[in-house]
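Just so you know, these numbers use all the heavy atoms, side chains as well, and skip hydrogens, waters and symmetry mates.
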Amino acid sequence: MVDAARRGFLRGRTRPRAELRPPWAGPEAAFIDRCTRCRDCLPACPPGIVVSGDGGYPTLDFTRGECTFCAACVSACQPQALLRRDGEVPWPYTAHIGAACLPARGSDCRVCGDHCAAQAIRFSPRIGGSPLPAIDASRCTGCGACLVPCPSQAIHIA
């Protein structure tokens with residue numbers, strides 16, 4: 001088993017970085033037990049966001065695109081570390097906006113909202129400043145479409 005804390009320390013990270021697993025991965029411990037690191041899910045992903053992460057386990061790289069929830073990675077997963085069940089959401093991830101957001105700093109920006117197909121990002125007007133974005137967690141799929149276009153890198157998926 002890979003010791004993520006030790007590996008992170010050796011790479012200069014003081015805190016282990018949480019890996020974002022592909023959709024329908026389930027709990028981390030169960031995913032790690034089932035995943036054989038065969039890499040079959042990597043080429044199966046049409047947008048190419050499933051990449052090899054720490055220890056060779058698949059992780060997501062939203063700089064390559066957004067997740068379309070096509071389930072191609074699930075179909076390619078022979079050991080069933082990725083397992084889609086009827087009625088189950090793909091993952092618990094949603095977008096979060098940090099303090100570096102341009103409207104919070106006085107500039108007008110709505111780029112994240114323009115890229116959100118789920119219309120989960122709303123802009124609330126405010127007196128004396130640019131409208132502030134707010135994420136409706138009930139609508140946000142965590143697809144990552146808003147992440148890369150953000151000019152201040154204020155958005156993260158968790």
Side-chain angles (χ1 to χ4, degrees), residues 4-5 7-9 11-32 41-54 57-77 81-158:
R7 180 172 290 210
F9 174 76
R11 290 184 176 174
R13 291 187 217 133
T14 55
R15 290 185 297 164
R17 181 178 49 171
E19 297 279 331
L20 293 177
R21 301 296 178 205
W24 297 285
E28 182 71 5
F31 173 77
I32 295 295
C41 57
L42 277 62
C45 178
I49 65 168
V50 179
V51 298
S52 185
D54 281 348
Y57 293 100
T59 188
L60 300 176
D61 180 1
F62 287 119
T63 64
R64 297 168 168 247
E66 66 187 84
C67 185
T68 61
F69 305 105
C70 67
C73 56
V74 176
S75 298
C77 184
L82 304 175
L83 188 58
R84 186 175 186 178
R85 293 179 185 90
D86 289 336
E88 186 178 55
V89 296
W91 56 34
Y93 308 138
T94 57
H96 301 273
I97 300 173
C101 180
L102 293 178
R105 304 176 100 192
S107 297
D108 191 33
C109 180
R110 295 180 187 224
V111 172
C112 58
D114 293 342
H115 286 85
C116 182
Q119 298 180 342
I121 303 174
R122 305 288 173 112
F123 290 85
S124 303
R126 64 182 178 141
I127 297 172
S130 299
L132 293 175
I135 296 178
D136 181 348
S138 68
R139 296 185 70 134
C140 181
T141 62
C143 70
C146 60
L147 193 92
V148 173
C150 178
S152 63
Q153 299 176 348
I155 301 174
H156 69 279
I157 307 293

Side chains of [X] and [Y]: closer than 4.5 Å at any heavy-atom pair?
| X | Y | answer |
| --- | --- | --- |
| C67 | L60 | no |
| P23 | Y93 | no |
| P58 | L42 | yes |
| E19 | Y57 | no |
| I155 | C112 | yes |

When rounded to the nearest 0.5 angstrom, what distance separates [atom1] in [X] from [atom2] in [Y]?
| X | Y | atom1 | atom2 | result |
| --- | --- | --- | --- | --- |
| T68 | I49 | OG1 | CD1 | 7.5 Å |
| F62 | I157 | CZ | CD1 | 5.5 Å |
| R84 | C73 | CZ | SG | 9.5 Å |

Under 3.5 Å: donor-acceptor pair, side chain of T94, backbone of A137: no
Shortest non-hydrogen separation from [X] to [Y] and the atoms involved:
| X | Y | answer |
| --- | --- | --- |
| D108 | P131 | OD1-CD, 4.0 Å |
| R122 | Q119 | NE-O, 3.3 Å |
| H96 | A158 | NE2-O, 3.5 Å |
| G142 | W91 | O-CZ2, 3.2 Å |
| I121 | P133 | CG2-CB, 4.0 Å |
| H115 | A145 | O-CB, 3.4 Å |

Are there more than 12 heavy atoms of other residues, nucleotides or ligands under 6.0 Å from atom CD of Q153? no
Within a 6.0 Å radius of atom CZ on R105, are there more than 12 heavy atoms belonging to other residues, nucleotides or ligands? no
From the options C146, S152, P149, C116, select the one residue that forms a side chain to side chain contact (heavy atoms under 4.5 Å, CB included) with V111. P149
Does the side-chain contact (heavy atoms from CB on, under 4.5 Å) test come out yes or no for R21 and T59, once each step is laid out? CA-CA 5 Å; R21 301 296 178 205; T59 188; 4.2 Å; yes
